[in-house]
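Below, chains carry the letters A, B, ... as their sequence lines are ordered, and counting in each starts from 1.
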Amino acid sequence: MGYLLKGHKPMRNLIRLATLIIILACLCSLPAIGQETGAEVPDKPAAAGEPGDAEEAGPEALEDADIVIGMEPAGEEEASAVEVPLPSQVTVGDLPNDDGTAVYLTWDAFPQETSDVTYTVYLAESRDGPWFEAVSFPANEEYMEEYGHYFPGFFWFQKARHPKSRHVVIVEDVRIGEFNRTGEEIMLPEPVGFTIEPNVGPKNEDGEPIEPGVIDELTGEEVVSQKFVEVEPRKVGTMFLKLTSTVNGETATYPEILEVGARQNWFDTGRLNVLIFAVLFGATVLYFIARARRDPDLFIRKISGLDAVDEAIGRATEMGKPILYLNGMSSLADLPTLAALNILGRVARRVANYESKLTVPCRDPIVLTVAQEIVKAGYADAGRPDAYNADDIFFLTEDQFSYAAAVCGIMMRDKPAANFFMGYYYAESLILAETGASTGAIQIAGTDAPTQLPFFVTTCDYTLIGEELYAASAYLSREPLVLGSLKGQDMAKVFMMFMIVVGTLLMTFGVNFVKDLFKALG
Amino acid sequence: MQFLRKQFPVMLAFVMGMTMFIREFVPAKFSERLYYGFTNWAIVITGFAAVFAILSLLHHHMNKVRRRAQGYGYSVITILAFIQMIILGLVFSVEPRTPAGWEYQWMFVPMQATMFATLAFFIASAAFRAFRARTWEALALLIAGLIVMIGRVPIGEYISTHLGTFADWIMNNPNMAGFRGIVLGVALAQVAIAVRIIFGIERTYMGGGD
Amino acid sequence: MDKERKPSFVERFLQMDRRIIYTLVALAVAIPLLFPMGLPIKVTPEVRSVYDTIENLPAGSNILMSVDFDPASQPELYPMMKSVMRHVVRKGHKLAITVLWPNGVNLAAQCIEELKLEFPEWTNTVDYVFLGYQVGGAIVIMSVGNSFSETFPKDYYGQSTAGMPIIKEFNKLGEADYMVMFEAGNSGDWWIVYGTEVHDVPVAGGVTAVVAPQYYPYLQAKQLNGIIGGLKGAAEYEKLTEVPALATSAMDSQSMVHALIFVAIVLANIFALMLVAEKRRRAQEGR
């Protein structure tokens, strides 16, 4: 209907008149219609995107409208007259856990609701309107269960007990307005709470706003701007809401106009579980670090790949050949790269002791600068700052396979005696490792990229699998503080294994809420 | 200077790490602004880092050429390719049907595809040399690998429709179980290393070590 | 190995020159391309799920695609990207395309150009917006959660994105009804973590075969809505959209190479066992 009316005022009025006549006819012929509710109902409230309608159908239409509730099934002629369920137990409030741009509205759901009924929520700046449609949806959608992030208490503890018992809608800033391209025929005067700024930028001969300097390839003229008006969303504050339900064009309205204020929240209770686990885990790690300070003699199991680091460096020194070290393919923002750089620091110190040459081709410019610093510091710590050559740590290319090709080239030309592949790798892993294997180098890989592990395991002498990459720094340094964090991590793992077993058992016996406790609602 | 090199980065890591951690639990508008502010900063810094990369690349290869090091001819090609690509890109832009676009389409793309295609050869050769059933566990792996390999291409369907189903079962069950084990371990290790970095326990990444 | 003794056939087979294997692989790829066999293609549920989602969304839904691969993965990912994009255009959905890998930009542009020939009425800035590349990887994904037009002030063609008709309806990740990302690496993880988990938008992955196993756990955890894995997945999608193209024609080659590797592994193992037996026999004879 709304679509038909758009932009045709005479036609719109005609249809509106016809609708009113039909409704009046229904009123006269059916005794059940006399029921009173005392609430205002929009007749045909403005649909979203039709502010012109909203203006005209605004307050007057609301006042004139009739209420059609609990209508008896009609005869064949009045097929449209059906029972319209009226929302009950309606509550409204500021939406918790949000940035202060929304409020919520909940009401009881009827059993076996179908899409025949449509709920619509209208929004206004003041009690007298004008009213704008904020949300509209079929009655078999939008339940509390879908908004766990906002209502964690309900989600965790009541979800299973009251499935689909309450509807909830979230009313946010609504962006409304229907404008033509040039901004001339704005059908709606500036709605309260919204600011509309006409485009005051450059215009072409036809008065259309243009994008300065952007030329249309086809016409050779400057491109007409799509940006004709700026609509600022409504400022947050007190909102007035009205709720209706509609069946086959018949509408019932909840008798009360609901007033509510939106405000921003400073703690997201939906993430309480995440916070608890994060703090517990952090505390465990810090506790074991503190314990390691008192008792530095912590056990760490043997990682043969790391025991071989000295062997590899020693062999390269004996053969008088360089050592090639790769930090992986990802950026400094990724933890595998940090882990690889940590190991590089340890390796650089040993290489400096042995007086060998260390080559580090980089793929990421930031990793390059950090790697240079690390190797330089490693050489300085070993008392050999003079042996450091910044040219040995260099940038190759950011492109994946060009990088792989370049590294393979280095392997074939320089024939390094030891290759280290640490960090994160993609499909190029096999190309690198297989080429390295063909040159006869001793190869040590370490990655947490599960898909590349099979390739490294097949072609390298030693492979650090997954978390061993992160333990390497602690293992090589034997520093109690770092070792302590490994212990804390193991404790968390024990807890996780325990929860997996307990959770599986509980869920097998139908206790499902445990799953939700671990659900990151946000 | 010592403060800027040692203490300041640790303090910065702590403040930023804790801020971003706390921010995760604050839904207010300010939190969102902070988040997008930092992400914009990160984009800008990453963009600037390209300058380091270009300087390093040119320095490295020019040095090689100056010293007439082994294979310096490749360095000459690298520098020339780098310069001509910049000039073409600046003069004619990089869209399709421009000189740079032509180089991309007809030189870069085939060369890249060639590198990736070498994988097929390397996989075949590595599988032939290294994929041996030396133990019972290795035999189980071998059989599973063979079934997945053949069951996930049309020829597997052609041989038997059950092969595909079995391959899917292997992927969705034993394979996934192994993956999950590794991923959970890695995730915990990542959180632990993050804690170490935020609290300044792990500083090797800044250079200078402990 | 005994130096005076001539190596047996078994030993020579196991030490076969790599180049022989390389030649066999090349033949296994080339011959079926020249003489297609038309092997049957079975559609897997993870590919069907992507197809069904796009098919069942009401026309005009917002779809976000991310082209996160470069020419190296073009043979595998380009056919599937084109097939999925064609499906999206055919269904009349709105499409926003981002690129996280710098060398993927031209591939996406090429795909759009090819589809424009098929669908001349498909209009830039109205039906689709090609946002191009932005540096930053995961940070870009976080940033588009706020706004496309702020993260990508200009689109690939240099037009300001802020006023585009499509951007008015579809200006941030959260407004997407569905996302399909084409991945040759782990940027798919970022889309899941920062995209679907934060904004609750269902996401599917079109990934290379080598990284596909990495994404299966997400599928079971329902963090991914579907996976189109490698050339096989692309061929399946082509079958579903009933437009057989590149991927379908390459399926025979892929089958043959898999069969070749299968045979190579089995033979290498049989011969390795024979070698062990032979050594044992020689040891007994020597005694």
Flag if over 12 foreign heavy atoms under 6.0 Å of CZ, B/Phe21:
yes
For B/Leu142, is it the side chain, the backbone, both or neither that has a heavy atom under 4.5 Å from a heavy atom of chain C?
side chain
Please state whether the side chain, the backbone, both or neither of B/Met149 comes within less than 4.5 Å of a heavy atom of chain C.
both
Part of C/Glu150 within contact of chain B (heavy atom distance under 4.5 Å):
neither
Select, from C/Ile261, C/Ile41, C/Asn106, the one with the greatest count of heavy-atom pairs under 4.5 Å involving chain B.
C/Asn106
Heavy-atom cut-off 4.5 Å, strictly under: side chain, backbone, both or neither for C/Phe13 against chain B?
both
Measure the spacing between CG of B/Asn172 and OH of C/Tyr216 and express it to the nearest 0.5 Å.
6.5 Å
Please state whether the side chain, the backbone, both or neither of C/Ala272 comes within less than 4.5 Å of a heavy atom of chain B.
side chain
Using every non-hydrogen atom in the two residues, find where B/Phe179 and C/Pro217 come nearest and quote the distance to one decimal.
CB-CG, 4.0 Å
Region of C/Leu260 that comes under 4.5 Å of a non-hydrogen atom in chain B
neither
With a 4.5 Å cut-off on side-chain heavy atoms, are B/Arg152 and C/His258 touching?
no
Nearest 0.5 Å, what's the OG1-CG distance between C/Thr208 and B/Leu119?
9.5 Å
Name the option with the most non-hydrogen atom pairs under 4.5 Å to chain B; the candidates are C/Met16, C/Glu46, C/Glu113.
C/Glu113
Contacting moiety of C/Val266, where chain B heavy atoms sit under 4.5 Å:
side chain
Is B/Phe38 close to chain C through its backbone or its side chain, or both, or neither, when contacts mean heavy atoms under 4.5 Å?
neither
Any heavy-atom pair between the side chains of B/Phe121 and C/Arg18 that's under 4.5 Å?
no
Please classify the contact of C/Asp252 with chain B as side chain, backbone, both or neither, using a heavy-atom distance under 4.5 Å.
neither
How close do C/Ala259 and B/Ile155 get, heavy atom to heavy atom, and via which atoms?
CB-CD1, 4.3 Å
Taking every non-hydrogen pair under 4.5 Å, which of C/Val105, C/Val25, C/Ile265, C/Leu24 racks up the most with chain B?
C/Ile265
Given the options C/Leu267, C/Leu219, C/Asn269, which has more heavy-atom pairs under 4.5 Å with chain B than any of the others?
C/Asn269
Winner by heavy-atom pair count (cut-off under 4.5 Å) against chain C, out of B/Ala50, B/Gly164, B/Ala124:
B/Ala124
Hey, does C/Asp70 have a side-chain heavy atom less than 4.5 Å from the side chain of B/Gln112?
yes
Residue part contacting chain B, namely of C/Leu14, when any heavy atom lies under 4.5 Å
both
Is B/Asn173 atom CG crowded by more than 12 heavy atoms from other residues, nucleotides or ligands, each under 6.0 Å away?
yes
B/Thr165 vs C/Lys42 side-chain heavy atoms within contact, under 4.5 Å:
yes
Correct closest heavy-atom pair for B/Pro154 and C/Pro40 would be CB-O, 3.0 Å
Quick one: pull up CD1 in B/Ile150 and CZ in C/Phe262 and give me the separation to the nearest 0.5 Å.
6.0 Å
Does a sphere of radius 6.0 Å around NZ in C/Lys172 hold more than 12 heavy atoms from other residues, nucleotides or ligands, not counting ones at 6.0 Å or beyond?
no
Tightest non-hydrogen contact, residues B/Ser125 and C/Tyr22, listed as CB-CE2, 3.8 Å
So does C/Asn103 get a backbone contact from the side chain of B/Tyr104, meaning a donor-acceptor N/O pair under 3.5 Å?
yes
Given that the side chain runs from C-beta out, which part of C/Ala209 has a heavy atom under 4.5 Å from chain B: side chain, backbone, both or neither?
neither
Measure C/Met37 against the heavy atoms of chain B and call it side chain, backbone, both or neither at under 4.5 Å.
neither
Which heavy-atom pair separates C/Ala221 from B/Arg180 by the least distance, and what is that distance?
N-NH2, 4.2 Å
